[in-house]
Chemist: 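Got a structure here, written out as structure tokens. Questions coming.
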Amino acid sequence: MRMSKLFSQTLREAPADAEMPSHKLLVRAGFIRQLAAGIYTAMPMAKRSITKIEDIMRDEINAIGGQEMTMPVVHPAEVWQETERWYQIGSEMGRFKDKNQRDMVLAMTHEEVVANLTRKEIHSYRQLPVLIYHIQTKWRDDPRPRAGLIRVREFTMKDSYSLDADWEGLDKQYEAHYQSYFNIFHRCGIPVISVKSDVGMMGGKMAHEYMYLTSFGEDTLLICDDCGYAANRHVALFKKETSVKEDELALEKVATPDSKTIAELAEFLDIPEAKTAKAIFMVADIPEGESSIQKFVFAIVRGDMDLNETKLVNALAASELRPATEEEIVAIGAVPGYASPIGLPETNDYLPVVVVVDDLIPDSNNLVAGANDAGHHMLNTNLGRDYQADIVTDLTAARAGDICLNCGGSFNEIRGVEVGNIFKLGTRYSDSMGCTFQDKDGKEKPVIMGSYGIGSGRLLASVAEEHNDDYGLIWPITVAPYQVHLVVLLSKKDGGASQEEANLLYDELLAEGIEVLFDDRDESPGVKFNDADLIGMPIRLTVSGRGLEKGQIEFKRRDQKEKRMIAKDEIVEAVKAEIAALHAEIQEKIVEVPFEE
RNA sequence: CGGGGUGUGGCGCAGUAGGGAGCGCGCUGCGUUUGGGACGCAGAGGUCCGGGGUUCAAGUCCCCGCACCCCGACCA
């Protein structure tokens with residue numbers, strides 16, 4: 001490709017709205033352009049990289065038996081109603097009506113379509129197992145798109161779906177993906193770890209996320225350096241230090257002016273935060289058949305702990321959970337800032353109340369809690385005696401320094417970007433959509449499903465995030481839009497010899513099947529070199545009068561400082577050898593990763 | 001959805017006290033230059049986010065919207 005014809009330009013300065021290095025560089029280098037919040041165009045060079053990433057995905061998924069297809073982006077609402085996700089998912093789902101006023105959905109993912117196909121196509125155990133996949137656009141109207149391509153609303157994802165006759169089959173396909181996903185990320189040049197995750201809106205039995213670790217990541221992970229336990233903060237389990245059980249003391253109401261927060265309260269009473277009970281108020285939607293009921297949730301954790309909302313959602317089997325407003329707190333008869341389940345009216349006109357208590361509370365007695373009276377708290381509150389819980393379960397979020405449940409080591413907290421995930425769906429979709437087959441024994445059984453996704457744009461951004469320096473991007477050979485950046489330095493002195501030589505070399509490289517970006521623009525050397533560094537192709541060749549005097553061409557790897565002068569008639573071979581070497585370097589990173597439950 | 005911020009040529013920004021729409025880069029033409037974002041000369045390019053209002057006069061003051069960014073919530 002001649003840069004003089006390339007449909008994209010580099011920018012000297014990044015737009016003010018970019019913060020992450022990958023975002024700034026992808027924009028500056030001319031790879032991406034924004035159309036609206038979370039909606040981007042992939043410019044020609046980004047498109048080439050994405051195609052390479054997707055070809056790696058194809059290669060790996062084909063290798064474990066995948067069959068590529070294409071499923072629609074627009075779905076009739078009916079299939080989403082059948083699985084009830086039409087009702088469970090809120091504003092994140094793109095909905096519109098077609099010209100006949102039929103409800104339609106923009107695909108967020110494709111379980112419904114797969115299930116719809118499965119029930120039509122799969123009738124016998126003889127047709128199983130199956131692995132199908134496609135690479136397709138998704139729309140998720142995220143409340144807060146951010147960080148360039150990392151978190152967007154419209155994106156392309158490779159999603160595969162496994163169909164099996166039994167659970168052992170699912171395990172096999174799940175574990176095959178487990179390794180093949182590592183291969184995909186390693187071939188793209190990024191290190192990842194797998195962590196246990198919440199199943200979220202997908203439903204199902206087991207899930208892993210693949211995390212690319214970076215301080216700019218949006219997910220918080222807890223990692224035990226001792227035993228290797230790694231989990232998303234949403235689900236991380238940890239060993240709670242139980243307090244020594246004390247004798248129950250008498251309930252006592254005390255004045256605690258201006259002590260609305262736990263910190264203020266502990267300070268005022270001069271007690272540790274662990275001796276207080278923190279109440280968090282939420283309103284939950286809990287599905288019941290095709291509709292759902294709202295409940296007011298009173299969540300209680302010890303004052304020194306944080307509520308983990310994912311754990312709360314799972315405990316309630318809620319479809320939505322949001323903080324309660326002050327008005328709502330008042331409406332159930334509690335006093336904001338001084339609320340607790342003690343002395344709440346039995347009934348209220350607003351919503352039914354559910355009290356959910358962390359499993360540390362039954363062992364922690366004589367805690368200070370709100371008195372439901374402005375400026376007052378209760379001393380020595382005890383679960384069971386002073387108030388009752390509807391649910392007692394693990395509700396708290398693990399933090400750095402917490403104790404690993406497996407080995408007693410302590411957790412580190414790190415940030416990561418989720419670049420892929422795998423789910424054991426089980427029969428969640430088969431049951432609701434009636435995907436059954438006749439087994440060997442003649443009985444009708446539900447198809448066992450799994451689903452596995454990787455976003456290609458997010459992966460591209462992660463590669464850019466991993467591979468850059470102060471001057472620009474540094475693409476791994478497997479993902480680079482072009483393998484070689486050919487620069488010609490123009491000079492009138494040489495009578496156009498450099499230009500002529502560069503043209504010849506360009507044609508020769510192309511004839512050898514090498515992908516070349518040729519900077520044939522009438523620009524000064526500084527501009528060309530800076531652009532070459534910014535765009536970041538793995539190999540740079542420079543044709544100039546200076547080198548040609550000795551019959552040589554300059555050769556430089558983007559990820560290395562040294563430059564080499566190579567004889568003109570050896571340059572093509574040298575480039576081919578270096579490309580092979582770069583591939584070999586990537587190849588070394590592709591390793592087997594033992595599957596961990 | 002809460003909190004914070006920003007909207008002025010393509011990009012980055014300035015715009016004092018309410019009165020002239022500017023600067024740097026980029027872009028066009030001509031010339032000189034050519035190994036790390038060159039130089040000279042001449043140019044083009046603006047609904048100052050939108051809508052109301054105040055005023056003789058609004059980029060600037062007031063009201064109402066919208067968009068985008070950041071933190072949180074949520075989410076793959």
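Each chain gets a letter, A, B and so on, in the order the sequences are listed, and its residues count up from 1.
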Chemist: So which nucleotide from C69(B), A76(B), G37(B) ends up closest to the side chain of R140(A)?
Modeler: A76(B)
Chemist: Give a yes/no answer on whether the side chain of R144(A) brings an N or O atom under 4.0 Å of OP1 or OP2 in A73(B).
Modeler: no
Chemist: Measure from the side chain of D533(A), starting at C-beta and using heavy atoms only, and say which of G37(B), G36(B), G35(B) lies closest.
Modeler: G36(B)
Chemist: Give none if G72(B) has no partner; otherwise give the nucleotide forming a Watson-Crick or G-U wobble pair with it, both distances under 3.5 Å.
Modeler: C1(B)
Chemist: Roughly how many Å is it from CG in N530(A) to P in A38(B), rounded to a whole number?
Modeler: 8 Å
Chemist: We want to know whether N421(A) and E418(A) form a side-chain donor-acceptor pair, criterion being a heavy-atom distance below 3.5 angstrom.
Modeler: yes
Chemist: Could you check how far CG of D141(A) sits from P of C1(B), rounded to whole Å?
Modeler: 11 Å
Chemist: Could you work out the separation of G18(B) and U55(B) based on their C1' atoms and round it to a whole Å?
Modeler: 9 Å
Chemist: Could you check whether R28(A) gets within reach of a base, just the sugar-phosphate, or nothing at all, counting any heavy atom under 4.0 Å?
Modeler: base
Chemist: Using a heavy-atom cut-off of 4.0 Å across all strands, would you classify R521(A) as base, sugar-phosphate, or nothing?
Modeler: nothing
Chemist: Which of these nucleotides, G35(B), G37(B), U34(B), is closest to any side-chain atom of R546(A)?
Modeler: G35(B)
Chemist: Report the C-alpha separation of I535(A) and M537(A) in whole Å, then their side-chain angles, then the decisive distance to 0.1 Å, and conclude whether the side-chain contact (heavy atoms from CB on, under 4.5 Å) test is met.
Modeler: CA-CA 6 Å; I535(A) 295 169; M537(A) 300 314 159; 3.1 Å; yes
Chemist: Applying a 3.5 Å limit to both distances, which nucleotide forms a Watson-Crick or G-U wobble pair with U6(B)?
Modeler: A67(B)
Chemist: Which part of the nucleic acid, if any, lies within reach of A147(A) when heavy atoms closer than 4.0 Å are counted: base, sugar-phosphate only, or nothing?
Modeler: sugar-phosphate
Chemist: Of all the choices, C70(B), C11(B), A76(B), which nucleotide is nearest to the side chain of E19(A) once you look at every atom?
Modeler: C70(B)
Chemist: At 4.0 Å (heavy atoms only), tell me whether P143(A) reaches a base, stays on the sugar-phosphate, or touches nothing.
Modeler: base
Chemist: Report the residue from Y452(A), Y133(A), Y210(A), F423(A) that forms a ring pair (Phe, Tyr, Trp, His ring centres under 6.0 Å) with H177(A).
Modeler: Y452(A)
Chemist: Quick one: does S544(A) reach the base of G35(B) with a side-chain donor-acceptor pair under 3.5 Å?
Modeler: yes
Chemist: By nearest atom, which of the nucleotides C11(B), C69(B), G36(B) is closest to the P15(A) side chain?
Modeler: C11(B)
Chemist: In whole angstrom, give the distance that lies between atom CG of L35(A) and atom P of C69(B).
Modeler: 12 Å
Chemist: Looking only at atom C1', what distance separates G24(B) and C63(B), rounded to whole Å?
Modeler: 36 Å
Chemist: Output the rounded distance in Å from CD1 (I150(A)) to P (C69(B)).
Modeler: 14 Å
Chemist: Please state the P separation for the pair G22(B) and G45(B) - nearest whole angstrom.
Modeler: 13 Å
Chemist: Kindly confirm or rule out a cation-pi arrangement of R95(A) over W86(A), judged by NZ or CZ under 6.0 Å from the six-membered ring centre and within 45° of its axis?
Modeler: yes
Chemist: Between Y178(A) and F182(A), is the ring centre distance below 6.0 Å?
Modeler: yes
Chemist: Can you tell me the Watson-Crick or wobble partner of C13(B), both distances under 3.5 angstrom?
Modeler: G22(B)
Chemist: Base, sugar-phosphate alone, or nothing: which one does E523(A) contact when heavy atoms must sit under 4.0 Å apart?
Modeler: base
Chemist: Using the P atom in both, what is the distance from C71(B) to G59(B), to the nearest Å?
Modeler: 34 Å
Chemist: In whole angstrom, what separates M108(A)'s CE from C74(B)'s C1'?
Modeler: 12 Å
Chemist: Quick check on RNA chain B: between D142(A) and S491(A), whose nearest nucleotide comes earlier from the 5' end?
Modeler: S491(A)
Chemist: Taking 4.0 Å as the cut-off, does a side-chain nitrogen or oxygen of Q34(A) come that near to OP1 or OP2 on C69(B)?
Modeler: yes
Chemist: CG/L541(A) to CG/L509(A) distance, rounded to the nearest 0.5 angstrom?
Modeler: 6.5 Å
Chemist: Let me know the distance between CZ of R85(A) and P of A76(B), rounded to the nearest Å.
Modeler: 10 Å
Chemist: Rounding to an integer number of angstrom, what distance separates U47(B) and U28(B) when you compare their C1' atoms?
Modeler: 24 Å
Chemist: Using a heavy-atom cut-off of 4.0 Å across all strands, would you classify A14(A) as base, sugar-phosphate, or nothing?
Modeler: sugar-phosphate
Chemist: Taking U16(B) as the reference, what is the distance to G26(B) when you measure between their P atoms (whole Å, please)?
Modeler: 28 Å
Chemist: How long is the line joining NZ of K158(A) and C1' of A76(B), in whole Å?
Modeler: 13 Å
Chemist: Heavy-atom nearest nucleotide on RNA chain B for A36(A) versus E13(A): which residue maps closer to 5'?
Modeler: E13(A)
Chemist: Under 4.0 Å between a side-chain N/O of R12(A) and OP1 or OP2 of C25(B), yes or no?
Modeler: no
Chemist: What contact category does V152(A) fall into here, base, sugar-phosphate, or nothing, at under 4.0 angstrom with non-hydrogen atoms?
Modeler: base
Chemist: Mind calculating the distance between CD (E154(A)) and P (A76(B)) to the nearest angstrom?
Modeler: 19 Å
Chemist: Find the partner of C27(B): check Watson-Crick (N1-N3 plus N6-O4 or O6-N4) and G-U wobble (N1-O2, O6-N3) distances, both under 3.5 Å, and reply none if neither fits.
Modeler: G43(B)
Chemist: The side chain of A16(A) is closest to which nucleotide in this list: G12(B), A76(B), C68(B)?
Modeler: G12(B)
Chemist: Find out whether the Lys NZ or Arg CZ of R2(A) is both under 6.0 angstrom from the six-membered ring centre of F518(A) and within 45° of the ring's axis.
Modeler: no
Chemist: So for atom OH, which belongs to Y471(A), do other residues, nucleotides or ligands contribute more than 12 heavy atoms lying within a distance under 6.0 Å?
Modeler: no
Chemist: Taking a pair as Watson-Crick or G-U wobble with both distances under 3.5 Å, which nucleotide is matched to U32(B)?
Modeler: A38(B)
Chemist: Using atom P in both nucleotides, what's the gap between U6(B) and A14(B) to the nearest angstrom?
Modeler: 10 Å
Chemist: So which heavy atom on L548(A) is nearest to which on V543(A), and how close?
Modeler: CD1-CG1, 3.9 Å
Chemist: For nucleotides A38(B) and A76(B), find the distance between their P atoms and express it as a whole number of Å.
Modeler: 48 Å
Chemist: Do any side-chain nitrogens or oxygens of S524(A) fall under 4.0 Å of OP1 or OP2 in A38(B)?
Modeler: yes
Chemist: Let's see if you can work this out: which of G37(B), G72(B), G24(B) has an atom nearest to the side-chain heavy atoms of R415(A)?
Modeler: G72(B)
Chemist: What does R146(A) touch in the nucleic acid at a heavy-atom separation under 4.0 angstrom: a base, only the sugar-phosphate, or nothing?
Modeler: sugar-phosphate
